[in-house]
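Predicted model, so just to flag it, every value in this text is computed and none were measured. Order of the sequence lines fixes the chain letters, A, B, ..., with proteins taken first and strands second; residue numbering starts at 1 for each chain.
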Protein chains: 2
Amino acid sequence: MQPKEILKEHVSKTASLTDEQFDYFFSHFTYKTFKKGQTIIGEGDKVDCEYFVLSGYLKSFFINDDMKMFILQFAMPTWWASDYNALYSGERATISLDCITDAEVLCLTGHDREKLCNEIHASEHFFRWRTNRGYVAAQKRLLSFMNNNARHRYEELLAQYPTLYNVVPKQLIASYLGVSRETLSRLYHS
Amino acid sequence: MQPKEILKEHVSKTASLTDEQFDYFFSHFTYKTFKKGQTIIGEGDKVDCEYFVLSGYLKSFFINDDMKMFILQFAMPTWWASDYNALYSGERATISLDCITDAEVLCLTGHDREKLCNEIHASEHFFRWRTNRGYVAAQKRLLSFMNNNARHRYEELLAQYPTLYNVVPKQLIASYLGVSRETLSRLYHS
DNA sequence: TTTCAATTGTGATGTAGGTCACATAGTTTC
DNA sequence: GAAACTATGTGACCTACATCACAATTGAAA
């Protein structure tokens with residue numbers, strides 16, 4: 001399937017744009033490819049895009065003072081990723097984004113997103129709903145952190161994204177769950 | 001200050017509505033008052049409103065199988081609160097909402113929010129930005145959970161919302177931080 | 001195929017924070 | 001103002017998970 005069709009199918013699930021509107025909408029996106037391990041957003045970068053994943057897996061993550069990594073999100077096809085705090089506030093990136101596998105993405109600048117939201121009411125509707133789902137998901141994950149232990153969170157993650165298990169190194173899954181890789185290893189070997 | 005002015009000042013920070021548009025916008029809100037301890041949304045309820053706080057403090061929270069409470073959010077004046085998952089999906093409430101102090105709120109039904117978003121582009125813009133900020137805040141809190149210990153999170157919370165310390169029982173602060181009240185007590189007595 | 005690096009497994013030990021039990025304040029209620 | 005709650009403090013002990021050290025395995029490179 002072509003990038004344009006993938007995005008169109010995705011957007012049309014929450015917003016009704018006419019064909020001409022969608023053509024215009026799509027014209028603001030830039031196609032890019034990245035290799036496994038490549039950095040898309042590095043700490044301290046100026047952030048001016050968000051990324052729609054066409055193929056491959058990305059991760060967005062934070063590195064603390066002890067060089068420990070925490071994964072905020074695995075981004076898979078039809079997911080969006082960026083350092084949204086930096087993108088909206090204009091601050092430098094504290095969240096990094098890189099490629100777990102080779103990946104194809106569509107880039108949209110923050111400027112163009114706002115322009116599209118102004119010009120096409122339906123596109124603002126789309127972005128409102130997208131963020132909405134993200135907000136609800138973040139709240140759920142927060143609750144899961146407070147409520148559940150590591151094993152529970154691990155099972156939850158695999159139930160929700162079975163494909164991750166094969167694609168993503170266990171270390172990264174541990175970083176997502178907020179436990180050490182040793183603990184994760186012990187979890188599923190007992 | 002009047003409810004209408006409070007909301008107008010709040011909305012105008014992110015969206016430009018004409019006076020007539022705002023009058024129309026405001027006409028969809030219902031003013032309500034609640035007493036300290038009163039439940040606004042209870043577990044299992046049908047959720048059809050979100051609430052804009054004019055005065056007082058609310059808390060949104062989740063109770064797990066062991067009857068342990070986890071606080072998702074303290075809502076203070078000019079904040080919004082609801083069980084957004086339930087409100088958007090139509091499912092029954094899993095998140096409850098009640099009053100820490102006497103409170104005045106403005107209620108907006110989910111139906112009216114969507115109606116307003118359709119009819120007034122600027123109001124969709126407002127709700128997109130509001131949710132945006134919520135999303136970024138939820139992500140930050142998630143990172144803080146993974147990265148910081150209880151003491152650090154406690155200091156972070158007090159630095160951000162100094163007024164909470166006087167208004168909110170320590171038990172609730174513990175529930176927000178995701179620690180036991182005993183642990184919280186030990187934190188600031190040493 | 002050999003080599004070197006990255007990933008994963010596993011034991012020993014440390015620690016933050018949980019749980020239980022009970023004491024001590026404060027606050028409503030009658 | 002006594003009684004009855006509700007919110008807090010504090011000790012003793014427990015548990016999930018972290019950390020460190022090193023072994024084993026897998027994978028990529030040459």
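- The closest side-chain donor-acceptor pair between B/Y84 and A/Q139, if any, does not fall under 3.5 angstrom.
- In this structure, B/F145 and A/F145 have tilted ring planes: the angle between them lies in the 30° to 60° band.
- Between A/D83 and A/T94, the shortest heavy-atom distance links the atoms OD2-N, 3.0 Å.
- In this structure, A/T183 does not reach the D/dC17 phosphate: none of its side-chain N or O atoms is under 4.0 Å from OP1 or OP2.
- One donor-acceptor pair, N or O on each side, does fall under 3.5 Å between the base of D/dC20 and the side chain of A/E182.
- Between the NZ atom of A/K170 and the P atom of C/dG9 there is a distance of 7 Å, rounded to whole Å.
- Following rounding to the nearest Å, A/D66 (CG) and D/dT19 (C1') show an atom-to-atom distance of 12 Å.
- When rounded to the nearest whole Å, the span between CD1 of B/I100 and P of D/dA7 equals 12 Å.
- As a whole-Å value, the separation of B/I173 CD1 from D/dA7 C1' is 13 Å.
- Between B/Q171 atom CD and D/dC5 atom P there is a gap of 17 Å when expressed in whole angstrom units.
- Here A/S180 does not reach the OP1 or OP2 of D/dC17: none of its side-chain N or O atoms lies under 4.0 Å away.
- The separation between B/R186 atom CZ and C/dG18 atom P is 10 Å, rounded to whole Å.
- The side chain of B/K68 places no N or O atom within less than 4.0 Å of a non-bridging phosphate oxygen (OP1 or OP2) of C/dG18.
- Of the N and O atoms on the side chains of B/E156 and B/S144, at least one donor lies less than 3.5 Å from an acceptor on the other residue.
- The separation between A/R181 atom CZ and D/dT19 atom C1' is 11 Å, rounded to whole Å.
- Side-chain N/O atoms of B/W79 and B/H10 include no donor and acceptor closer than 3.5 Å.
- Side-chain N/O atoms of A/Y188 include none lying less than 4.0 angstrom from OP1 or OP2 on C/dT8.
- Put simply, NZ on B/K35 is 14 Å from P on C/dT28, counting in whole angstrom units.
- Contact annotation for B/G37: no contact, since no heavy-atom pair falls under 4.0 Å across all strands.
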